[in-house]
Number of protein chains: 4
Amino acid sequence: MAGTRREPDAGVGKRGRPRSEQSHIAVLRATSELLHEVGLRAMTTEEIGARSGVSKATIYKWWPNKYAVAAEAFLSEMMAEWPDPDTGSATTDLLLALRGLTAFYSGANGRVFAELIGEAPFDLTVRTELHKNLVLAHRDVIKRVWARGVATGEFRPDIDPDDAIDLLIGPLLYRRLLGHPHLDGASADTLVEITMLGLSAAK
Amino acid sequence: MAGTRREPDAGVGKRGRPRSEQSHIAVLRATSELLHEVGLRAMTTEEIGARSGVSKATIYKWWPNKYAVAAEAFLSEMMAEWPDPDTGSATTDLLLALRGLTAFYSGANGRVFAELIGEAPFDLTVRTELHKNLVLAHRDVIKRVWARGVATGEFRPDIDPDDAIDLLIGPLLYRRLLGHPHLDGASADTLVEITMLGLSAAK
Amino acid sequence: MAGTRREPDAGVGKRGRPRSEQSHIAVLRATSELLHEVGLRAMTTEEIGARSGVSKATIYKWWPNKYAVAAEAFLSEMMAEWPDPDTGSATTDLLLALRGLTAFYSGANGRVFAELIGEAPFDLTVRTELHKNLVLAHRDVIKRVWARGVATGEFRPDIDPDDAIDLLIGPLLYRRLLGHPHLDGASADTLVEITMLGLSAAK
Amino acid sequence: MAGTRREPDAGVGKRGRPRSEQSHIAVLRATSELLHEVGLRAMTTEEIGARSGVSKATIYKWWPNKYAVAAEAFLSEMMAEWPDPDTGSATTDLLLALRGLTAFYSGANGRVFAELIGEAPFDLTVRTELHKNLVLAHRDVIKRVWARGVATGEFRPDIDPDDAIDLLIGPLLYRRLLGHPHLDGASADTLVEITMLGLSAAK
DNA sequence: CGCTAACCGAGACGGTACGTCCAGTCTTGCT
DNA sequence: AGCAAGACTGGACGTACCGTCTCGGTTAGCG
């Protein structure tokens with residue numbers, strides 16, 4: 001994947017000892033473990049090194065700080081985990097997709113996710129990684145479902161899809177960060193259903 | 001206000017020199033300045049002390065750590081700043097209230113707010129302060145408007161008001177934290193309007 | 001003593017917690033031990049801290065680096081260790097003083113001394129400390145003896161005392177650093193005697 | 001020359017590419033430059049490699065560490081630089097030889113020399129190199145002059161030549177390392193003259 | 001009106017992680 | 001083989017900040 005980590009020289013050809021992919025993976029795995037065991041802030045670069053058997057110098061060679069490592073470690077795990085349900089009914093698909101998101105938010109990964117969001121305002125790397133590799137992935141699934149729903153006439157065609165997505169995901173994130181953090185599928189369903197019908201009493 | 005800061009002994013009687021209210025205020029003011037100038041993380045307790053002329057020991061006597069100071073400093077500023085518009089039309093009021101929230105999110109205070117949200121997962125004090133003194137204030141305004149709208153028949157009476165609030169605020173927070181951070185009133189209006197009408201094409 | 005270590009503020013009066021003299025002493029003692037056990041280069045600041053129970057931060061607060069600590073630790077031990085023999089005969093006194101110096105050079109402290117001399121070209125603090133607190137002490141003893149010898153008519157009165165001192169100490173240092181490092185009293189005596197009589201065959 | 005650097009395999013035969021003499025010279029030249037520009041300690045192996053176009057691995061193949069490289073680089077420059085004056089008068093010759101030594105000590109090379117002496121206690125290679133290739137060279141010149149002076153009756157025949165040499169060189173080194181480091185020819189002359197006549201007032 | 005508890009500013013301290021630096025070793029592919 | 005390029009381990013370095021701890025001095029309000 002990459003993007004977080006500093007790119008190799010990539011100059012003339014392939015001179016010099018190549019980067020050890022094994023070390024790379026060991027670092028990501030160790031970091032991932034630590035993220036779940038002790039959390040983003042309590043985790044130290046030293047400990048990542050010790051657990052992965054990779055020296056601190058090497059870690060700092062490829063990542064600017066532990067947050068960048070964490071972002072890559074966490075997000076590389078998340079990749080390709082967001083299947084599009086495609087049941088035939090766009091409405092059902094939407095429900096399923098958002099239930100999936102809810103499960104993510106309320107699970108162990110959701111805690112790490114919240115910690116990374118907290119780091120984002122202070123760290124550009126985390127911010128861009130998070131956006132590129134997770135936020136967009138979430139949105140893409142919904143965007144596809146949305147397109148199908150518009151095609152089938154289930155969803156309003158006059159709405160900017162990005163607005164629709166914000167309306168669907170936003171409430172879940174809000175609950176995760178500022179409300180009752182233990183979401184369940186049922187409450188997700190309720191929120192989606194209301195969003196579909198609207199708040200207005202007007203017919 | 002408070003609750004964040006440690007309460008004075010208050011038990012034995014009232015002997016001895018009382019807490020200096022002047023120091024208290026100076027700390028909050030200095031902290032508030034620093035929050036805007038350098039941000040939550042970069043700000044140090046040392047610097048708060050230096051700028052306010054209050055010693056570090058005194059700061060730690062009254063607050064558990066710099067995040068608690070920050071929370072109190074920030075939130076005491078925010079108090080009583082959320083007027084209920086009450087124009088007669090609940091729909092208009094809702095629009096106005098959410099525009100106000102949008103302005104807050106996208107302004108200088110919004111940045112500090114985002115930083116505090118980032119601290120919340122790691123710090124119970126921040127979490128509860130934030131909730132008690134800001135989140136609930138935001139919700140209360142909307143809750144009142146909502147009640148009026150239900151009474152006037154503008155809003156659906158069959159929805160849990162808390163769900164409605166989540167649906168209205170959530171998308172704004174989502175944009176603030178993970179999307180285009182420069183929200184404007186117009187896009188807030190759009191989101192609210194769509195939320196009112198719903199996403200479904202069904203009549 | 002001091003001079004090596006950074007001086008306290010010494011400003012208005014005596015505000016603030018005073019420097020812990022206990023920590024100061026513990027650091028010097030630990031350093032002194034380490035100097036003899038592992039030598040100047042192999043000794044680490046970390047280890048000084050661990051052994052003395054003083055934190056690294058505190059050490060760096062008072063000394064710029066481990067070499068300055070070593071200089072102070074070593075030299076504070078050496079202080080007031082250079083008694084003037086004063087037997088009545090200046091010639092005898094000279095012999096005794098230079099035997100003492102030889103013993104110092106060839107003993108355990110001589111090794112540390114040589115290591116510090118090696119650091120001097122790279123470190124101003126070490127250089128000045130060494131000069132102020134050891135070199136001058138050595139020279140002073142001899143200078144006093146020299147004055148007596150001139151008064152008694154034993155030594156040539158037409159020689160700059162500093163030249164005389166250089167001629168007497170120089171060969172010992174040379175042997176210590178570049179020749180056979182295990183000097184003994186007898187060879188010191190020989191060198192001094194020759195220096196007294198001169199190399200020239202001319203009467 | 002050498003002895004410092006590891007000898008090539010030379011056992012099995014002469015298979016494979018022979019050692020590049022060009023690299024060898026480039027390393028020594030680069031090291032020599034760095035020794036004068038930044039000094040022994042500040043100079044890094046990395047930089048020697050970069051400047052000479054020789055890889056670090058190659059350097060470590062032929063020398064045990066940077067101090068050994070420095071010793072060879074410095075000393076190979078010094079070789080055959082110590083001409084015996086031989087004017088006819090041994091006394092004059094002695095003066096000239098020691099003026100030469102003084103000039104060396106007080107010049108740019110003297111600084112490097114002092115730095116190498118500082119390394120000697122920690123590094124056997126440096127120690128032996130220094131002794132073999134510089135100290136002995138210095139002493140040899142004087143030793144030859146001394147022999148002539150004894151033969152001509154100018155110098156005392158009852159003194160161990162090595163003692164005489166120590167007495168003559170020692171004071172210069174002492175001044176270089178622990179006293180006023182800017183020696184000049186005149187002060188060297190003074191020291192030698194006093195050494196010749198002796199310090200004693202006795203006839 | 002003086003005593004005394006509690007406050008407060010200054011600043012030293014232990015602890016802990018940080019990110020950097022360099023030595024010395026190892027692994028590629030080119031020559 | 002020798003060698004340049006350059007990744008890697010190991011470990012010390014010096015810095016920064018947190019939260020705690022003395023000091024000496026100050027300031028109410030009880031007695």
Side-chain angles (χ1 to χ4, degrees), chain A residues 8-9 11-20 23 41-47 49 53-62 64-66, chain B residues 8-9 12-20 22-23 41-47 49-50 52-62 64-66, chain C residues 8-9 11-20 22-23 41-47 49 53-62 64-66, chain D residues 8-9 12-20 23 41-47 49-50 53-62 64-67:
Chain A
D9 201 320
V12 193
K14 295 216 153 214
R15 291 196 299 189
R17 179 177 175 176
R19 175 175 184 182
S20 159
S23 290
R41 289 289 246 299
M43 171 185 84
T44 71
T45 319
E46 199 93 39
E47 177 71 15
V54 170
S55 82
K56 214 170 30 144
T58 301
I59 296 175
Y60 279 108
K61 163 147 210 185
W62 297 109
N65 53 49
K66 72 170 175 177
Chain B
D9 203 321
V12 198
K14 295 220 156 206
R15 296 215 300 193
R17 181 175 172 179
R19 172 176 185 183
S20 158
Q22 187 183 322
S23 289
R41 287 289 247 296
M43 171 185 84
T44 70
T45 320
E46 199 90 38
E47 210 174 347
S52 62
V54 170
S55 81
K56 235 186 342 164
T58 302
I59 296 175
Y60 278 107
K61 164 144 208 189
W62 298 109
N65 54 49
K66 74 167 176 177
Chain C
D9 202 320
V12 193
K14 296 212 150 216
R15 292 196 299 189
R17 178 176 177 174
R19 176 174 184 183
S20 159
Q22 186 182 321
S23 290
R41 290 289 248 296
M43 172 185 83
T44 71
T45 318
E46 200 92 38
E47 178 70 15
V54 170
S55 83
K56 213 171 29 144
T58 300
I59 296 175
Y60 278 109
K61 163 147 208 185
W62 297 109
N65 53 50
K66 71 171 175 176
Chain D
D9 203 322
V12 197
K14 295 224 155 203
R15 296 211 302 190
R17 182 174 171 181
R19 172 174 186 184
S20 158
S23 290
R41 287 287 247 297
M43 169 185 85
T44 70
T45 319
E46 200 89 40
E47 211 175 345
V54 170
S55 82
K56 235 185 344 163
T58 301
I59 296 174
Y60 278 106
K61 163 145 209 188
W62 297 109
N65 55 48
K66 75 167 174 176
Y67 298 108

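What's counted below: heavy atoms across the whole structure, side chains too, no hydrogens, waters or symmetry copies.
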Measure [atom1]/[X] against [atom2]/[N] and give the value in whole Å, please.
X: D:M43; N: E:dC22; atom1: CE; atom2: P; value: 12 Å
X: B:K66; N: F:dC18; atom1: NZ; atom2: P; value: 5 Å
X: C:R41; N: F:dG11; atom1: CZ; atom2: P; value: 19 Å
X: A:I59; N: E:dC21; atom1: CD1; atom2: C1'; value: 16 Å
X: B:Q22; N: E:dG9; atom1: CD; atom2: C1'; value: 13 Å
X: D:E46; N: E:dT20; atom1: CD; atom2: P; value: 16 Å

Looking across every strand, which nucleic acid part, if any, lies under 4.0 Å from A:T58 by heavy atom: base, sugar-phosphate, or nothing?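 Counting heavy atoms under 4.0 Å across all strands, the contact made by A:T58 includes a base.
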Which is true for B:G53 with a 4.0 Å heavy-atom rule: it touches a base, it touches only sugar-phosphate, or it touches nothing?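 Sugar-phosphate, backbone atoms only, no base.
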Mind checking the CD1-OG spacing from C:I59 to C:S23? Nearest 0.5 Å is all I need.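 That separation rounds to 9.5 Å.
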How many angstroms lie between atom NZ of C:K66 and atom CD of C:E47, to the nearest 0.5 angstrom?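 If I round to the nearest 0.5 Å, the distance is 11.0 Å.
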Nearest to the B:S23 side chain among F:dC3, E:dG14, E:dG9, which nucleotide is it?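 The closest nucleotide is E:dG9.
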Counting only side-chain heavy atoms from C-beta out, which of E:dC22, F:dA7, F:dA5 sits nearest to A:R19?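 When the side chain of A:R19 is considered, F:dA7 is the closest of E:dC22, F:dA7, F:dA5.
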Which residue, B:T44 or A:S20, contacts DNA chain F at a nucleotide closer to its 5' end, judged by nearest heavy atom?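 Final value for this comparison: A:S20.
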Nucleotide N/O to protein N/O under 3.5 Å, stretch nucleotides 21-25 of chain F:
unit_1: F:dC21; atom_1: O2; unit_2: C:R17; atom_2: NH1; d: 2.9

Would one find a side-chain N or O of [X] under 4.0 angstrom from OP1 or OP2 of [N]?
X: B:Y60; N: F:dG19; answer: yes
X: C:W62; N: E:dC13; answer: yes
X: D:K61; N: F:dC3; answer: no
X: D:T45; N: E:dA23; answer: yes

Between D:A42 and B:S55, who's closer to the 5' end of DNA chain E by nearest nucleotide?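 This one resolves to B:S55.
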Side chain to side chain, D:Y67 and D:R41, heavy atoms closer than 4.5 Å: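 SC-SC contact between D:Y67 and D:R41 confirmed.
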Of all heavy-atom pairs between C:T45 and C:Y60, which one has the smallest distance, and what is that distance?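 Residues C:T45 and C:Y60, closest heavy atoms: OG1-OH, 3.2 Å.
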